[in-house]
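Before any comments, here is the structure.
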Amino acid sequence: MEQVSYQASGMQRDSESAGFTPLDREDRPTVNTAAAAHYLNRRPQTLRQWASKDHGPLRPLRVNGRLAWPVAAIRKLIGVAL
């Protein structure tokens, strides 16, 4: 079961318990589809559809046939400031 913590900014997931680095502490320039889906609260398949149909709020980079989602674009989309 997913842990939820309540903070002044509202209800937020406990990312560390799910195995993902919190987005405000993520230091990689890109993340894989599973991590991007976690941060965006979407299923990985939704992000794959965005990439394959070339529509959606984010565009991934393609590296050796794999999708790499820019962390800066994810932060901008959901409004996480550094």
Side-chain angles (χ1 to χ4, degrees):
M1 178 166 244
E2 185 176 300
Q3 290 183 346
V4 176
S5 62
Y6 295 91
Q7 298 177 355
S9 63
M11 205 165 88
Q12 296 182 353
R13 284 193 226 199
D14 186 359
S15 295
E16 289 177 302
S17 68
F20 297 102
T21 303
L23 188 55
D24 59 347
R25 293 191 324 198
E26 184 61 67
D27 60 352
R28 297 177 290 178
T30 61
V31 292
N32 64 20
T33 301
H38 172 77
Y39 296 136
L40 295 169
N41 198 25
R42 297 287 181 262
R43 293 183 183 263
Q45 189 58 31
T46 300
L47 275 68
R48 289 185 196 103
Q49 286 179 1
W50 292 351
S52 71
K53 295 180 181 178
D54 206 26
H55 79 290
L58 294 177
R59 300 276 165 92
L61 303 171
R62 287 174 171 81
V63 179
N64 293 330
R66 304 217 179 227
L67 300 175
W69 300 87
V71 172
I74 296 170
R75 286 183 179 133
K76 184 176 178 182
L77 182 65
I78 64 174
V80 173
L82 288 178

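It should be emphasised that the depicted structure is a prediction, and the values quoted were computed from it without experimental measurement.
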Subject >> Side-chain touch W50/P57, heavy atoms, less than 4.5 angstrom >> reply: yes
Original post:
OH/Y39 to OG1/T21 distance, rounded to the nearest 0.5 angstrom?
Top reply: 5.0 Å
Original post:
Can you tell me how far CG of N32 sits from CH2 of W69, rounded to the nearest 0.5 angstrom?
Top reply: 11.0 Å
**OP:** Compare every heavy atom of A36 with every heavy atom of V31, then report the nearest pair and how far apart it is.
**Re:** CG2-N, 3.8 Å
Original post:
What pair of heavy atoms forms the shortest contact from P44 to T33, and how long is it?
Top reply: O-CG2, 3.6 Å
Original post:
Do any pairs count as a salt bridge (Lys or Arg N to Asp or Glu O under 4.0 Å) and have a residue in residues 46-64, sequence neighbours left out, and if so which ones?
Top reply: D54-R59
Original post:
Is it true that L61 and L67 fall in one hydrophobic cluster, defined by side-chain heavy atoms closer than 4.5 Å?
Top reply: no
**OP:** Could you tell me which residues satisfy side-chain hydrogen bond (donor to acceptor under 3.5 Å, both in side chains) with T30, sequence neighbours excluded, listed by chain and number?
**Re:** none
Original post:
Who passes side-chain hydrogen bond (donor to acceptor under 3.5 Å, both in side chains) against R75, sequence neighbours left out?
Top reply: none
**OP:** Return the set of residues passing salt bridge (Lys or Arg N to Asp or Glu O under 4.0 Å) with R66 (not counting sequence neighbours), or none when no residue passes.
**Re:** none
**OP:** Go through the structure and list residues passing side-chain contact (heavy atoms from CB on, under 4.5 Å) with A73, not counting sequence neighbours.
**Re:** L58, P70
**OP:** Return the orientation label for the F20 and H38 ring planes: parallel under 30°, perpendicular over 60°, tilted otherwise.
**Re:** parallel
**OP:** Would you check, one step at a time, whether the test side-chain contact (heavy atoms from CB on, under 4.5 Å) holds for I78 with L40?
**Re:** CA-CA 7 Å; I78 64 174; L40 295 169; 3.7 Å; yes
**OP:** Please report the C-alpha distance between L23 and I74 in whole Å, then the side-chain angles of each, then the deciding distance to 0.1 Å, and finally whether the side-chain contact (heavy atoms from CB on, under 4.5 Å) criterion is met.
**Re:** CA-CA 9 Å; L23 188 55; I74 296 170; 3.8 Å; yes
